[in-house]
2 protein chains.
Amino acid sequence: MEEKKVEILTHGAAECPITATIDVIGGKWKPPIIWLLLRGPMRFGTLSKTMPDIALKVLSRQLKELEADGIITRKAYPEVPPRVEYALTEKGESLRPALTMLSEWSETHILGK
Amino acid sequence: MEEKKVEILTHGAAECPITATIDVIGGKWKPPIIWLLLRGPMRFGTLSKTMPDIALKVLSRQLKELEADGIITRKAYPEVPPRVEYALTEKGESLRPALTMLSEWSETHILGK
DNA sequence: CGGCATCCACCGGGATACTG
DNA sequence: CAGTATCCCGGTGGATGCCG
């Protein structure tokens, strides 16, 4: 009864809800990937050509991680030559408003000044 | 003139507006730091006690980076013992809506589900 | 109290070569 | 076309110790 306990006792990074979201979208290439897929499904090769700076292995892994987090789906067509299309899930689509705000903030406060 | 040029020619990570914002708030401890400061200014020691898992040096550096990015201000009071208070700038405060959306997304799609 | 200097460990990202 | 398999590198985060 000596000291009044404050509301926030401890606050680790793990419990931070913002961190939890950034853990999902925070990969170096995940924002541009999701940003592109918000316009519609894309093939692996198209993603690669659209983002020439990303190594194939890295693109592959980022896509796999996004799939594991339920953000995108991977659909392979058993054709020759192979075709694989990536598309957002509902969960991924639900990121749109948040990502839009992040985008607008940078336009206002970083790029556009 | 043979091929029709698509709208999106290339899309590096550097040009992605979302990535630009995440570069600012994406440090491991930056979200919880900003999240706390959205409630009001705090002293260095209070931040440290509130987030026990962060090493002092790391906390110090993250604060310095946020200051360099214009997100927070550092005010030192020439007293004994020393006192230093950190507070959000307007630019930092302007992150509130975006961070709120990130927070809500995780509550809905990760934690609470 | 509120740092900074030093050193270290880890892991995400990258280049290259090969495959179903 | 759409990857996987290795190997490597740098940056960020972390532990410890000293200082105004």
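Letters A, B, ... are given to chains in the order of the sequence lines, protein chains preceding strands, and every chain is numbered from 1.
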Side-chain N or O of [X] closer than 4.0 Å to phosphate OP1/OP2 of [N]:
X        : N       : result
Ser60(A) : dT4(D)  : yes
Trp29(B) : dT12(D) : no
Lys64(A) : dT4(D)  : yes

| message | Reading DNA chain D from 5' onward, which residue's closest nucleotide shows up sooner: Leu56(B) or Arg61(B)? | response |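 Going by which nucleotide is closer to the 5' end, it is Arg61(B).
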[N] [atom2] sits how many Å from [X] [atom1], rounded?
X        : N       : atom1 : atom2 : answer
Ile33(B) : dT12(D) : CD1   : P     : 15 Å
Lys28(B) : dG11(D) : NZ    : C1'   : 14 Å
Leu47(A) : dA2(D)  : CG    : C1'   : 12 Å
Lys75(A) : dA2(D)  : NZ    : P     : 15 Å
Ile54(A) : dA2(D)  : CD1   : C1'   : 14 Å
Glu79(A) : dG3(D)  : CD    : P     : 13 Å

| Bounds of contact between DNA chain C and chain B, in 5' to 3' order, using a heavy-atom cut-off under 4.0 Å |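 Taking any atom under 4.0 Å from a heavy atom of chain B, the span is dC1(C) to dC7(C).
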Which is true for [X] with a 4.0 Å heavy-atom rule: it touches a base, it touches only sugar-phosphate, or it touches nothing?
X        : result
Val84(B) : sugar-phosphate
Tyr77(A) : nothing
Arg43(A) : sugar-phosphate
Gln62(A) : sugar-phosphate

| task | State, with a plain yes or no, whether a side-chain heavy atom of Val84(B) is found less than 4.5 Å away from one of Arg43(B). | result |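 Not touching, per the 4.5 Å side-chain cut-off.
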| Hey, are the side chains of Pro97(B) and Met101(B) touching, using non-hydrogen atoms and a 4.5 Å cut-off? |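 SC-SC contact between Pro97(B) and Met101(B) ruled out.
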| Donor-acceptor pair under 3.5 Å, Lys57(A) side chain vs dG3(D) base |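 No, the side chain and the base share no sub-3.5 Å donor-acceptor pair.
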| said: Main chain of Glu104(A), side chain of Thr108(A): is a donor-acceptor contact present, judged purely on distance under 3.5 Å? | reply: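 Yes; judged by distance alone, with no hydrogens or angles, the pair exists.
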| task | Carefully, step by step, assess Leu95(B) and Trp105(A) under the rule side-chain contact (heavy atoms from CB on, under 4.5 Å). | result | CA-CA 7 Å; Leu95(B) 280 166; Trp105(A) 188 87; 3.3 Å; yes
| Interatomic distance, Thr100(A) atom OG1 to Trp35(A) atom CH2 [nearest 0.5 angstrom] |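 Result: 4.5 Å between the selected atoms.
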| Stepwise side-chain contact (heavy atoms from CB on, under 4.5 Å) test for Ile33(B) and Leu59(B) | CA-CA 9 Å; Ile33(B) 289 172; Leu59(B) 175 58; 3.8 Å; yes
| query | Who are the side chain to side chain donor-acceptor pair (under 3.5 Å) partners of Glu65(A), not counting sequence neighbours? | reply |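 With neighbours one apart ignored, the set is Lys30(A).
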